[in-house]
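Ligands are counted one by one from 1 in listed order, and the atoms in each one are counted from 1 as well. Predicted model only: the values in this text are computed from it and were never measured.
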Amino acid sequence: FKKFSNNTMKKICILGSTGTIGENTLQVIASCPEKFKVFALTANKNIEKLQRQVLEWKPRYAVLSCADSAKILSDNLREYSNIKTEVLGGPESLEFVAAHDETDYVMAAIVGGAGLLSSMSAAKHGKRILLANKESLVMSGELFMNEIKNSGSQLLPIDSEHNAIFQCLPFDYASSKSSSRASVKKLILTASGGPFLKTPTEKLFDISVEQACNHPNWIMGQKISIDSATMMNKGLEIIEACHLYNMPLEKVEIVVHPQSIIHSMVEFIDGSVMAQLGTPDMKIPIAYGLSWPDRICSGAGFLDFYQLGSLSFERPDFNRFKCLMYAKEAFKQGGVYPAVLNASNEIAVQSFIENKVRFTHIPEIIDHALECCAYEYDSTIDSILRADFECRKYLTEQIGEKKWSI
Ligand code: NAD
Ligand code: MG
């Protein structure tokens, strides 16, 4: 584990550096210039923002998803003689920088299935992976965890709930085969319940994209904000927790906790419960992922218990938030079902953003896809990618033909 020792400067590749998690990561790194160096930055389409980041951080590589955008950035950078950054284009370049010999840590912060192959590339090449891209684990959990084991990678969850659980578990949990594992009774994922926890169900049909993205506690990208409003986010996180901590579904429980102060808990067989608390700020889990097993300043605010007053808890309503049920069902079925769950959710959310379907159609589309698209039962990477592709294609056609009319 010398390569992961905290005494040497770590070179970091940030996949999705222009997103919310990417930018928070750069903020944390900015406060520890002696510990971390930015090695590669990547973005989908936002040339301007990536250019600003390149000028500030001077990475060895910058990657854009398409070759044309990469050409524009490369041309723009020519006028800065002090910038030696090499600009690459195309999805293979994401895998290249994630696997690069000089990369020590990979922040996997691309949104959606688009992050699968680059996250997997980091997993195959023995990196410390700071995993924000939960969709890749949902799609390919077993394969992903096997790659981590075989390559000696370190997987540090960045999703706040899973990071909280990581902090609450015994130190030897990951390596221990028996004793510390047997001491865990269940994992308790907290959920804010999103902006529509108490909205009358008949009002949900008319929800706008802006309302759905208006999360009460967290500032996040558009897709995960809508996932929080449908609670599919918590559904994906149940699957994520089962894979990360090798837990059966029955041992992962959800508790609605609207204040988002307790980020998750672990209950032990003796009745003890460990919880991790903090302000709802992703810089906390990001800093922990970067510095583990040490700690560094994250730049997040501190809790004021006198101000907080009280914390509350309630049972999740599986009838109101059907996505929770579909996620559990997909995980139980296994094979390509979780990949279809994820692909159908991505298409449904994108169609809602583009005003092609209603908010309430999102769970209907997922339900339909799980009925119609999950036809294969093995979970090789080829099957997963094919199921993902076929499901997206089928639903795009169905939505185009207005199966779910607005
Ligand atoms: P975001 O939309 O703000 O940023 C997404 C990033 O991915 C951008 O840099 C974008 O350029 C890149 N990207 C998008 N499509 C791409 C494609 N096809 N190819 C290559 N790059 C692409 O999203 P975010 O909120 O930062 O979330 C990123 C990931 O982290 C998601 O998986 C999300 O579930 C997870 N996560 C986010 C939060 C949060 O607070 N924002 C919390 C927990 C987990
Ligand atoms: Mg989360």
Side-chain angles (χ1 to χ4, degrees), residues 13-27 40-50 52-53 62-66 69-70 73 88-95 97-98 107-119 121 129-139 156-166 189-194 213 215 217-228 231-241 244 254 257 260 262-264 276 278-286 289 300 342 345-346 349-350 353 388 392:
C13 162
I14 305 179
L15 303 170
S17 63
T18 53
T20 316
I21 294 289
E23 290 203 298
N24 273 304
T25 306
L26 286 171
Q27 280 182 38
L41 295 173
T42 88
N44 190 25
K45 294 191 183 127
N46 196 336
I47 304 176
E48 256 175 55
K49 197 188 263 187
L50 188 61
R52 280 201 302 278
Q53 292 182 342
V63 182
L64 280 152
S65 291
C66 91
S69 313
L73 178 60
L88 307 173
E92 338 62 69
S93 305
L94 297 171
E95 293 172 58
V97 290
M107 165 54 84
I110 290 175
V111 60
L116 174 62
L117 294 178
S118 50
S119 304
S121 171
I129 304 166
L130 284 74
L131 187 74
N133 177 233
K134 65 190 92 188
E135 294 91 343
S136 56
L137 202 57
V138 167
M139 292 169 77
L156 284 117
I158 295 303
D159 214 348
S160 56
E161 296 75 3
H162 307 75
N163 190 277
I165 289 168
F166 185 82
L189 295 178
T190 51
S192 68
C213 287
H215 196 278
N217 307 331
W218 297 93
I219 302 162
M220 309 184 283
Q222 207 173 24
K223 190 254 176 187
I224 183 176
S225 298
I226 296 171
D227 285 352
S228 301
M231 283 193 82
M232 178 52 99
N233 185 46
K234 213 50 56 181
L236 299 176
E237 289 182 358
I238 295 176
I239 301 178
E240 187 184 9
L244 281 172
I254 298 173
H257 163 48
S260 301
I262 297 180
H263 298 305
S264 278
Q276 186 260 348
T279 51
D281 186 332
M282 289 306 291
K283 290 199 285 299
I284 299 177
I286 291 169
N342 177 66
N345 180 53
E346 283 190 38
V349 168
Q350 190 54 36
I353 291 171
D388 174 81
R392 287 170 196 261

Worksheet entry | Ile21 side chain reached by Met220 side chain, heavy atoms, under 4.5 Å | no
Item to complete: Could you check if a side-chain atom of Leu73 sits within less than 4.5 angstrom of a side-chain atom of Leu50, using non-hydrogen atoms only?
Response: yes
Discussion item. Using a 4.0 Å cutoff against the non-hydrogen atoms of Lys134, which atoms of ligand 1 qualify?
Written reply: 32 (O), 34 (O), 44 (C)
Fill in: Under the ring pair (Phe, Tyr, Trp, His ring centres under 6.0 Å) test, residues paired with His263 that sit two or more places apart
Trp218
Item to complete: Specify the protein heavy atom at minimum distance from atom 41 (N) of ligand 1: its residue, its atom name, and the distance to 0.1 Å.
Response: Met220 CB, 3.5 Å
Worksheet item: Side chains of Glu161 and Lys234: closer than 4.5 Å at any heavy-atom pair?
Response: yes
Response to the item:
For Asn133, the atoms of ligand 1 under 4.0 Å from one of its heavy atoms are 32 (O)
Discussion item. Taking a cutoff of less than 4.0 Å between a non-hydrogen atom of the residue and any ligand atom, is Asn46 in contact with ligand 1?
Written reply: no
Practice prompt. Could you see which bit of Ala114 sits under 4.0 Å from ligand 1, with heavy atoms only: side chain, backbone, both or neither?
Written response: side chain
Worksheet item: Taking side chain as C-beta onward, heavy atoms only, is Val97 less than 4.5 Å from Leu41?
Response: no
Worksheet item: So which heavy atom in the protein is nearest atom 11 (O) of ligand 1, and how far is it from that ligand atom?
Response: Asn44 N, 2.9 Å
Worksheet item: Do Thr42 and ligand 1 have an N or O pair less than 3.5 Å apart?
Response: no
Worksheet entry | Between Ser160 and Asn163, a side-chain donor and acceptor under 3.5 Å | no
Worksheet item: Any N/O of Leu94 closer than 3.5 Å to an N/O of ligand 1?
Response: no
Discussion item. Can you check the angle at the Mg ion (ligand 2) formed by OE1 of Glu161 and OD1 of Asp159? Round it to the nearest 10°.
Written reply: 100°
Worksheet, complete the sentence: Of all protein heavy atoms, the one nearest atom 19 (N) of ligand 1 is Ser65 OG, 3.2 Å
Item to complete: Pick one of side chain, backbone, both or neither for how Met282 approaches ligand 1, counting any non-hydrogen atom pair under 4.0 Å.
Response: side chain
Discussion item. For the 3.5 Å polar cut-off, considering only N or O atoms, please tell me whether Gly16 and ligand 1 meet it.
Written reply: yes
Worksheet item: Do Ser69 and Lys45 come close enough that some side-chain heavy atom pair is under 4.5 Å?
Response: no
Worksheet item: Are side-chain heavy atoms of Ile238 and Leu189 found at a separation under 4.5 Å?
Response: yes
Practice prompt. Check whether the side chains of Asn44 and Ser65 place a donor and an acceptor atom closer than 3.5 Å, and report yes or no.
Written response: yes
Discussion item. Applying a heavy-atom cut-off of 4.0 Å, say which part of Glu135 lies close to ligand 1: side chain, backbone, both or neither.
Written reply: side chain
Practice prompt. Side-chain contact test, heavy atoms from C-beta onward, threshold under 4.5 Å: evaluate it for Ser119 versus Ile129 and give yes or no.
Written response: no
Worksheet item: What residue and atom, counting heavy atoms only, is the protein's closest point to atom 25 (O) of ligand 1, and at what distance?
Response: Gly221 N, 2.9 Å
Worksheet item: Does an N or O from Lys45, backbone or side chain, lie closer than 3.5 Å to an N or O of ligand 1?
Response: no
Practice prompt. Would you mind running through ligand 1 and noting each atom that sits below 4.0 Å from a heavy atom of Thr18?
Written response: 8 (C), 9 (O), 10 (C), 11 (O)
Worksheet item: In Glu237, which N, O or S atom comes closest to the Mg ion (ligand 2)?
Response: OE2
Worksheet entry | Ile110 contact mode with ligand 1 (heavy-atom cut-off under 4.0 Å) | both
Response to the item:
The atoms of ligand 1 lying under 4.0 Å from a heavy atom of Asp159, numbered in the order shown, are 43 (C), 44 (C)
Worksheet item: Going by atom types alone, do Asp388 and Asn342 pair a side-chain donor with an acceptor below 3.5 Å?
Response: no
Item to complete: Would you check whether Ala43 reaches within less than 4.0 Å of ligand 1, judged by its heavy atoms?
Response: yes
Worksheet entry | Residue, atom name and distance, where the atom is the protein heavy atom closest to atom 4 (O) of ligand 1 | Gly19 CA, 3.1 Å
Worksheet item: Where is the tightest heavy-atom contact between Met282 and Ile158, given as atom of each residue plus distance?
Response: CE-O, 3.2 Å
Practice prompt. For the residue pair Glu135 and Lys223, establish whether any side-chain heavy-atom pair is separated by less than 4.5 Å.
Written response: yes
Worksheet item: Closest non-hydrogen protein atom to atom 28 (C) of ligand 1, residue and atom name please, with distance?
Response: Ala109 O, 3.4 Å
Fill in: Heteroatom distance test (Ile21, ligand 1): nitrogen or oxygen, under 3.5 angstrom
yes
Fill in: Pair Gln53, Ser17: side-chain N/O donor-acceptor within cut-off below 3.5 Å
yes
